[in-house]
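Step one of this worksheet: look at the structure below.
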Number of protein chains: 2
Amino acid sequence: MSNTWQDEVLADVKAGARINDRHIVDRIRQAVLMQRLPPGTRLPEVTLGEIFGVSRSVVRKALTRLASDHVITQQPNQVARVSAPSVEETREIFAARRLIEGEVVALLAGHLDREQCRILASYVEAEQQAHQRGDEGQRIEHSLAIHHYLADHSPNRTLGVMLSDLILRTSIVIALYKRAGMASCYLENDHAELLSLLERGEGEAARRRVQAHLTALEELLDLRPQDTRIDLAAIFGEAG
Amino acid sequence: MSNTWQDEVLADVKAGARINDRHIVDRIRQAVLMQRLPPGTRLPEVTLGEIFGVSRSVVRKALTRLASDHVITQQPNQVARVSAPSVEETREIFAARRLIEGEVVALLAGHLDREQCRILASYVEAEQQAHQRGDEGQRIEHSLAIHHYLADHSPNRTLGVMLSDLILRTSIVIALYKRAGMASCYLENDHAELLSLLERGEGEAARRRVQAHLTALEELLDLRPQDTRIDLAAIFGEAG
DNA sequence: TCACCAAAACTTGTATACAAAGATCGATTC
DNA sequence: GAATCGATCTTTGTATACAAGTTTTGGTGA
């Protein structure tokens with residue numbers, strides 16, 4: 001496990017912040033979202049307790065919530081781990097997200113005020129710039145900001161919460177199934193076009209745009225059955 | 001709080017069943033589903049612990065999970081209560097369920113084998129009979145069995161789980177906003193027609209049928225803003 | 001009679017102790 | 001050298017004690 005996120009937390013604690021289970025949930029969600037906690041990462045209760053400066057009771061509550069949200073998986077008497085969904089579940093997550101994010105943008109189209117459009121446009125701009133200077137970490141962050149902004153401003157808040165969860169789960173499976181040689185999963189212009197459709201109030205077009213965007217994203221992943229993914233010849237050919 | 005469900009649990013415990021947090025979650029979910037735990041019901045940790053024969057630790061874990069699923073609501077330092085969603089949230093829940101259950105039946109259409117159709121047909125039949133003999137409790141149970149069967153057999157399991165949660169939340173808001181004078185929220189033939197469309201593989205028609213069914217169900221509720229719901233004149237006019 | 005306030009009872013928040021299950025490492029045997 | 005068995009260490013499961021917050025209750029004064 002990398003130490004970077006642990007150090008950040010320790011800094012927070014020294015600053016005198018009150019840590020509760022909600023705080024821990026948010027920190028872990030954020031770390032997973034930013035792909036700093038890769039799928040499969042062990043999350044022992046005592047370790048987390050020491051990092052956040054609380055006892056296992058508080059950590060346990062946080063882990064229970066994260067498990068409910070499918071961010072981690074827990075099995076009896078075993079350490080919690082960051083979820084590592086199967087190929088099958090990955091496809092399901094994308095299909096679910098297409099359905100729900102499609103509906104959210106359809107509801108949202110034509111109902112964004114000038115200020116909200118401005119904010120979204122700034123995210124789109126920032127994402128493009130990060131991409132052009134090759135800063136993948138920043139690019140992902142801005143891209144996530146766009147989708148989370150849509151989720152947070154869904155007229156149907158219930159669907160918005162569901163979408164937030166699916167965005168997080170999508171991050172996990174991207175980290176898990178990203179093609180080895182793929183530098184970036186940036187889809188040129190998709191976000192800019194979506195924003196334009198939202199501004200013009202073209203709900204159904206926006207729905208289709210988002211769904212196509214997510215399908216394209218899914219196709220960038222390596223979702224072949226596992227046997228065919230590991231090319232023994234290539235591995236040992238190079239090594240020997 | 002009524003004692004009926006508590007007695008059932010005590011019987012279970014005497015039978016020697018090992019109780020864990022999952023068990024408690026299921027029992028409470030079931031009780032809420034059957035409208036035996038009305039919205040707003042207090043769920044103190046110690047009381048639940050005594051009923052299920054476990055300590056607060058286990059109860060707490062169960063309550064955390066139930067809160068994540070929006071079955072109960074928890075506020076700091078206050079007793080957990082069965083959720084009582086606002087009118088606004090109720091509309092959102094119905095809209096979300098229309099979207100997701102619509103997709104599930106569209107996916108399911110034409111993919112049910114003969115045995116599965118037979119099982120669904122038996123539920124539909126049982127619901128009709130319960131309605132005819134005026135057994136509302138049994139009717140609700142069979143109706144829920146139909147919808148849960150669809151959720152459990154969703155080709156997309158992720159959407160299926162989401163649908164299960166929404167069915168539960170729908171039960172809660174029906175208990176909360178059921179019109180006073182309304183004997184039953186039974187919609188004649190809806191389920192039978194849906195089954196027929198599923199058998200014939202007409203996915204889009206099945207989607208529309210389910211969505212119309214849920215809209216009709218929502219319209220049977222009293223979702224007026226709260227001020228206009230309480231008719232003071234009627235209350236005191238009758239009393240005096 | 002009502003509003004107000006303090007004390008008691010109730011309830012949750014957190015830490016911790018101990019039990020039980022799982023994982024790990026090393027020695028032993030084939 | 002590989003597999004197996006057991007001791008040890010790690011980690012979670014559960015109960016419980018105490019602290020802190022909330023609600024209820026009962027009494028007091030206007």
Side-chain angles (χ1 to χ4, degrees), chain A residues 1 3 6 9-10 12-14 16-28 37-84, chain B residues 1-3 6 9-10 12-28 37-84:
Chain A
M1 204 187 319
N3 267 28
Q6 302 184 3
V9 168
L10 285 171
D12 276 16
V13 172
K14 278 182 191 165
R18 279 270 179 295
I19 307 292
N20 60 12
D21 62 289
R22 188 181 202 96
H23 192 108
I24 297 173
V25 168
D26 285 346
R27 293 303 307 248
I28 293 181
L37 284 180
T41 306
R42 289 163 50 94
L43 299 170
E45 296 176 359
V46 284
T47 308
L48 291 172
E50 285 163 8
I51 291 170
F52 289 102
V54 294
S55 77
R56 280 178 56 213
S57 330
V58 184
V59 173
R60 261 164 124 4
K61 186 163 185 179
L63 290 180
T64 302
R65 295 179 64 124
L66 289 165
S68 277
D69 293 345
H70 306 98
V71 177
I72 66 170
T73 52
Q74 284 181 304
Q75 283 184 319
N77 295 309
Q78 286 176 238
V79 283
R81 289 170 180 276
V82 177
S83 293
Chain B
M1 203 185 322
S2 159
N3 267 29
Q6 302 184 2
V9 169
L10 285 171
D12 276 16
V13 172
K14 279 181 190 165
R18 278 273 178 291
I19 307 291
N20 59 11
D21 63 288
R22 188 179 203 94
H23 193 111
I24 296 174
V25 168
D26 285 345
R27 293 302 306 248
I28 293 180
L37 284 180
T41 306
R42 289 163 49 93
L43 299 171
E45 295 176 358
V46 284
T47 308
L48 292 172
E50 286 164 7
I51 290 169
F52 289 103
V54 294
S55 80
R56 279 178 57 213
S57 330
V58 184
V59 173
R60 258 161 122 20
K61 185 163 184 180
L63 290 180
T64 302
R65 296 179 65 123
L66 289 165
S68 277
D69 293 346
H70 306 99
V71 177
I72 65 170
T73 52
Q74 285 182 304
Q75 283 184 319
N77 295 310
Q78 286 176 238
V79 283
R81 289 170 180 275
V82 177
S83 292

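When reading the values below, keep in mind they use all heavy atoms of this one structure, side chains included, and skip hydrogens, waters and symmetry mates. Residue numbers begin at 1 in each chain, while the letters A, B, ... track the order of the sequences.
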Check your understanding: Could you give the CZ-to-P distance, from B:Arg56 to D:dA17, as a whole number of Å?
Key -> 12 Å
Check your understanding: B:Glu45 has an atom CD; how far is it from atom C1' of C:dT12, in whole Å?
Key -> 6 Å
Practice item. List in chain and number order the residues that pass side chain to side chain contact (heavy atoms under 4.5 Å, CB included) with A:Asp69, two or more places apart in sequence or in another chain; answer none if no residue qualifies. Key: A:Arg29, A:Val71, A:Asp165
Practice item. Please report the closest heavy-atom contact between A:Leu37 and A:Leu43, naming both atoms and the distance. Key: CD1-CD2, 4.4 Å
Point to revise | Separation of atom CZ in A:Arg60 from atom P in C:dT16, rounded to whole Å | key: 16 Å
Check your understanding: Counting just side-chain N and O atoms, does A:Ser55 come under 4.0 Å of either OP1 or OP2 of C:dA15?
Key -> yes
Practice item. Could you pull out the closest heavy-atom pair between A:Thr73 and A:Ser83, with the gap in Å? Key: CG2-OG, 3.3 Å
Study note, to complete from the structure: To the nearest angstrom, the CG-C1' distance between B:Leu43 and C:dC10 comes to 16 Å
Check your understanding: D:dT11 phosphate, OP1 or OP2: any side-chain N/O from A:Arg42 under 4.0 angstrom?
Key -> yes
Study note, to complete from the structure: Rounded to whole Å, the CG-P distance (A:Asn20 to C:dT12) equals 17 Å
Practice item. Quickly work out the A:Glu50 CD to C:dA15 C1' distance and round it to whole Å. Key: 14 Å
Practice item. May I ask you to test the B:Leu48-B:Leu63 pair for a side-chain heavy-atom distance under 4.5 Å? Key: yes
**Study point:** Distance (rounded to the nearest 0.5 Å) between B:Lys61 NZ and B:Leu66 CG
**Key:** 13.0 Å
Check your understanding: Among residues 74-84 of chain A, which contact DNA chain C at a heavy-atom distance under 4.0 Å?
Key -> A:Asn77, A:Gln78
Review point. Going from CD1 on B:Ile24 to CZ on B:Arg65, what distance comes out if it is rounded to the nearest 0.5 angstrom?
Key: 11.0 Å
Practice item. Could you state the atom-to-atom distance from CG of A:Leu63 to P of D:dT11 in whole Å? Key: 13 Å
Check your understanding: Taking CG from B:Leu48 and C1' from C:dT12, how many angstroms apart are they, rounded to a whole number?
Key -> 13 Å
